[in-house]
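Structure, as structure tokens:
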Amino acid sequence: EHSAGGVIQETVYDPEFVGNCGRFINHSCDPNLIMVPVRSCSSVPKLALFSKHFIPAGQELSFDYSGSIFNDFSTSKVFDDTERTLCFCGAQSCRKFLPYDTSLFTL
């Protein structure tokens with residue numbers, strides 16, 4: 001995401017313990033929702049989910065946990081697959097693993 005002055009600012013959300021109903025929406029490598037950061041009266045964005053196309057009643061809602069609309073996977077920060085979680089989304093374009101960035105855990 002981009003902030004004023006052309007500085008790129010990256011925000012990481014982890015709803016494991018705190019979050020709204022969006023925490024129950026599953027990941028897909030070919031999702032029907034996109035995640036968009038929205039700022040209103042704060043520099044910390046809220047995450048809004050919007051449909052990518054018409055979603056029929058009864059179809060499971062899903063979004064890409066990496067927020068792929070803003071990410072370039074060709075320059076991945078992932079160095080090792082040993083601690084990554086397998087993805088079972090079943091999409092033809094499945095990346096085989098859930099998003100994971102080891103740089104978040106280095107000091």
Side-chain angles (χ1 to χ4, degrees):
E1 62 192 78
H2 299 274
S3 62
V7 176
I8 297 175
Q9 179 180 341
E10 190 171 336
T11 305
V12 177
Y13 288 87
D14 183 357
E16 183 176 358
F17 300 109
V18 177
N20 61 21
C21 61
R23 68 190 290 192
F24 300 108
I25 299 176
N26 286 326
H27 163 82
S28 176
C29 294
D30 184 22
N32 53 16
L33 301 172
I34 59 169
M35 179 175 46
V36 178
V38 177
R39 287 183 178 81
S40 175
C41 304
S42 173
S43 63
V44 178
K46 302 281 187 191
L47 297 178
L49 296 171
F50 295 92
S51 66
K52 291 173 62 176
H53 49 74
F54 175 76
I55 302 171
Q59 182 178 8
E60 179 181 13
L61 300 177
S62 62
F63 67 97
D64 187 338
Y65 287 178
S66 74
S68 66
I69 190 170
F70 300 109
N71 292 338
D72 176 8
F73 293 105
S74 65
T75 58
S76 176
K77 300 175 189 172
V78 175
F79 305 110
D80 186 352
D81 289 341
T82 58
E83 295 185 31
R84 297 183 70 194
T85 303
L86 290 172
C87 178
F88 298 103
C89 73
Q92 211 166 18
S93 59
C94 183
R95 293 185 298 271
K96 308 301 180 216
F97 295 98
L98 292 180
Y100 180 75
D101 184 348
T102 56
S103 69
L104 298 173
F105 304 103
T106 58
L107 299 175

>> Using every non-hydrogen atom in the two residues, find where Tyr65 and Met35 come nearest and quote the distance to one decimal.
In response: O-CE, 4.2 Å

>> Ignoring hydrogens, what is the shortest heavy-atom contact between Leu47 and Pro37? Give both atom names and the distance.
In response: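 In terms of heavy atoms, the two residues are closest at CD2-CA, 4.0 Å.
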
> What distance do Lys52 atom NZ and Ser62 atom OG have between them, rounded to the nearest 0.5 Å?
Replying inline: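 Between atom NZ of Lys52 and atom OG of Ser62 there are 8.5 Å.
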
>> Would you compute the distance between atom CG of Leu33 and atom CG of Asn26 and round it to the nearest 0.5 angstrom?
In response: 11.0 Å

> Thinking salt bridges, do Arg95 and Asp64 make one under a 4.0 Å N-O criterion?
Replying inline: yes

Any heavy-atom pair between the side chains of [Y] and [X] that's under 4.5 Å?
X     : Y     : value
Cys87 : Cys29 : yes
Glu60 : Ser28 : no
Thr85 : Phe97 : no

> Which residues pass the side chain to side chain contact (heavy atoms under 4.5 Å, CB included) test with Gln59, sequence neighbours left out?
Replying inline: Asn32, Ile55, Pro56

